[in-house]
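One-based numbering, in listed order, for ligands and for the atoms of each. Quick note: residue numbers are just sequence positions, from 1. Worth knowing before you read on, the calculation uses all heavy atoms, side chains too, and leaves out hydrogens, waters and symmetry mates.
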Amino acid sequence: MQGLLSVAKKRINAWLFLFRGPSMIQEEYDKSNGSPFWIQAPENRYLVVSSWDQIKEIDAAPEDVLSLQAAAKEILQPRYTMQNFNWFDKKGVDGTPLVRTLRTLLTNHLPDILPDARRSMSALFDSILESHSMVNGSYTTPLFPMVIEAIALTNAAAFFGRDLACNKEFMSAAMNFIEQTLITAEVVRVLPSAIAPFIGNLLAKKLGAGKILYDSLIPIAEERLEEKARKSLGQTVPEHHDCVQWVMECSPRSKPWSADRIVHELMALWFGSVHITSTTACFALHHLCIHSEYIEPLRNEIESTGWANFDKSGGKAFPLLDSFMKESARMNPVESVSSRRMALKPFELSDSSRIEPGEWICTAPRGMMADARYYADPQKFQGFRFVDPDLLDKKVSGISGDGVPQETPSKFTDIADWQLWGTGRSACPGRFYATAVMKTLLALFITKYDMQLEDPKAARYFAWRTFIYPFTSTKVVLHPRSAA
Ligand code: HEM
């Protein structure tokens, strides 16, 4: 009887994890005193680690033992969500052109990308606000949809080219694809394996956004491959600066990627990049509204540095904003776990904690970021805690830290001091791009508007599994500064 009760309790907790993931992980983190602990999800269980030494052990494990790609495959269920895409479990089997594309080429092109991104986002904000009526010089509008649309527009131009980013039908399908992928993948993950393929295929047929995305991208990828072939014969072909082109050019010479392979990889990238970037930026905007004392020094920094210098730096400028974003993501990280790896073979940490094939190991960024072992006065929001103190004295007079000791100066894109971007050789290759785009978006809000939340006391987010999502209904009151 006792045994039966304990099994039932375990199953209930596994299902509760879907709704209370972040707080359940935090409770275990608080009890663990830095040791690995287990979290049970309905379909699998995760070993969660939080010591930097053990994180290094994860990074050192070969790809055929601990695989990021196999974990991503379980999250995305590409067979159902991405037109029957059969990703390899092990990364790099047919080359890694995407990592070079993002880490090097996309990052190096930021000085060209950012001015266009800024103009497009600014025009988008104007048109969204014009569709509302102005009351007392201000517009009241749901914040998260505005942020997703801006990030989606920017990513579409950078990944697929400006023509598709301007195509309303494509953009609507691309946005729906994200939602439909989330729903389909979740349903397939939690269903018993006997019926999951049937329901998965049914949903894939019913929800058509993935097909529209795929059908729109395939002719472009085919055209690029054809241009590549013509170029190799000495013919003149148009130049393109987007990820379709770069992934094609970086794919292995010995076994070049087909149009189908390029498109599948970009669909996965689209799904993975729009959502996390918009949610992270949205939470930073919430923090800007709540901690409005930071607006003036940030505005001064942006206006005195100037957009031209920001663009030239490839998005590295604005150190105060950089630190503010880092504090926002530390206080309220979108993801409670990071560095997910699925075991393809049994894996044992040096403390003898062991996972079997199919189980996951991951890290606990939310717990670590709120831990007094790693941060001074961790519950206190201190927007400039990561800024070089010399710079802080020079740049900010009124607001310099509310008595919280400075951390060692660090940047938002750093990977050695926090788990936001994952671990070592697998750390997010899009982080320089993501940071520059989020800075552009936040700096536009700061310079264009005075802003506040319509109801600062209302709940702003909810949890699903390890993720927190902003409510799409949370409204912001924007007062255009030119109208002041
Ligand atoms: C705030 C925004 C973002 C956050 C917090 C984030 C975070 C992460 C994390 C935690 C990982 C897993 C790393 C690991 O397991 O060790 C990852 C991987 C990845 N991210 Fe991001 N990411 C963001 C935006 C982006 C953007 C905008 C792009 C594309 C431009 C991108 C492309 C990728 C890719 C391709 C991988 C897989 C890397 C690999 O397989 O080695 N991410 N990201």
**Item:** Enumerated ligand 1 atoms positioned under 4.0 Å from heavy atoms of Thr280
**Value:** 1 (C)
**Complete:** For Arg100 and Cys250, the nearest pair of non-hydrogen atoms, with its separation, is NE-SG, 3.7 Å
**Asked** For Trp360, is the NZ or CZ atom of Arg340 found under 6.0 angstrom from the centre of its six-membered ring and inside 45 degrees of the ring axis?
**Response** no
**Asked** Relative to Phe17, does Arg465 satisfy both conditions: NZ or CZ under 6.0 angstrom from the six-membered ring centre, and within 45 degrees of the ring's axis?
**Response** no
**Asked** Strictly under 4.0 Å, does any heavy atom of Arg425 approach an atom of ligand 1?
**Response** no
**Request:** Ignoring angles and geometry beyond distance, decide whether Thr423 reaches within less than 3.5 Å of ligand 1 through its nitrogen or oxygen atoms.
**Result:** yes
**Protein heavy atom at shortest distance from atom 13 (C) of ligand 1** = Ser426 O, 3.3 Å
**Request:** List every atom of ligand 1 that sits less than 4.0 Å from any heavy atom of Tyr433, numbering the atoms from 1 in the order shown and giving each element.
**Result:** 27 (C), 30 (C)
**Request:** Assert yes or no for the condition that the ring centre distance of Tyr469 to Phe144 is strictly below 6.0 Å.
**Result:** no
**Complete:** One finds that the ligand 1 atoms under 4.0 Å from a non-hydrogen atom of Met438 are 1 (C)
**Complete:** for atom 29 (C) of ligand 1, nearest protein heavy atom and its distance come out as Leu269 CD1, 3.5 Å
**Prompt:** Taking everything shown except Asp163 itself, do over 12 heavy atoms lie less than 6.0 Å from its CG?
**Reply:** no
**Request:** Starting from atom 2 (C) of ligand 1, locate the nearest protein heavy atom and write down its residue, its atom name and how far away it is, to 0.1 Å.
**Result:** Thr277 OG1, 3.6 Å
**Message:** The test is side-chain contact (heavy atoms from CB on, under 4.5 Å); show your working for Ser273 and Phe159 and say whether it passes.
**Reply:** CA-CA 11 Å; Ser273 63; Phe159 298 176; 3.3 Å; yes
**Message:** Measuring centre to centre across the rings, with the benzene-like ring taken for any Trp, is Phe386 within less than 6.0 Å of Phe412?
**Reply:** no
**Message:** Any heavy atom of Arg341 closer to ligand 1 than 4.0 angstrom?
**Reply:** yes
**Asked** Which residue owns the protein heavy atom closest to atom 39 (C) of ligand 1, what's the atom, and how far is it?
**Response** Lys91 NZ, 3.4 Å
**Item:** Top protein contact for atom 35 (C) of ligand 1, by heavy-atom distance
**Value:** Leu102 CD1, 3.5 Å
**Complete:** min-distance protein heavy atom vs atom 7 (C) of ligand 1 -> Leu420 O, 3.6 Å
**Message:** For atom 21 (Fe) of ligand 1, what is the number of protein N, O or S atoms at a distance under 2.8 Å?
**Reply:** 1
**Prompt:** Heavy-atom count around Lys312 NZ within 6.0 Å, excluding the residue itself: above 12?
**Reply:** no
**Complete:** Note: Glu335, heavy atoms under 4.0 Å from ligand 1, region reported as neither
Would you give me the side-chain donor-acceptor pairs under 3.5 Å for residues 440-449, sequence neighbours excluded?
residue : atom : partner : partner atom : Å
Thr440  : OG1  : Ala436  : O            : 2.7
Thr447  : OG1  : Ala443  : O            : 2.7
Thr447  : OG1  : Leu444  : O            : 3.4
Lys448  : NZ   : Ser122  : OG           : 2.8
Lys448  : NZ   : Asp126  : OD1          : 2.9

**Asked** More than 12 non-hydrogen atoms from neighbouring residues, nucleotides or ligands closer than 6.0 Å to CZ on Arg189, yes or no?
**Response** yes
**Prompt:** Is Glu356 atom CD crowded by more than 12 heavy atoms from other residues, nucleotides or ligands, each under 6.0 Å away?
**Reply:** yes
**Message:** Does the plane of the ring in Phe318 sit parallel, tilted or perpendicular to the ring in Trp307? Use 30° and 60° as the thresholds.
**Reply:** perpendicular
**Request:** Just let me know how Asn155 lines up against ligand 1, side chain, backbone, both or neither, with a heavy-atom cut-off below 4.0 Å.
**Result:** neither
**Asked** Going by heavy atoms in the side chains, are Gln245 and Thr101 under 4.5 Å from each other?
**Response** no
**Message:** Is it true that, when you exclude Glu179 itself, more than 12 heavy atoms of the residues, nucleotides or ligands shown sit nearer than 6.0 Å to its CD?
**Reply:** no
**Prompt:** Taking only heavy atoms of Leu98, which atoms of ligand 1 are found under 4.0 Å from at least one of them?
**Reply:** 35 (C)
**Per-residue contact class, Val437 against ligand 1 - non-hydrogen pairs under 4.0 Å** = neither
**Item:** Per-atom contacts, ligand 1 versus Ser338 - under 4.0 Å to a heavy atom
**Value:** 10 (C)
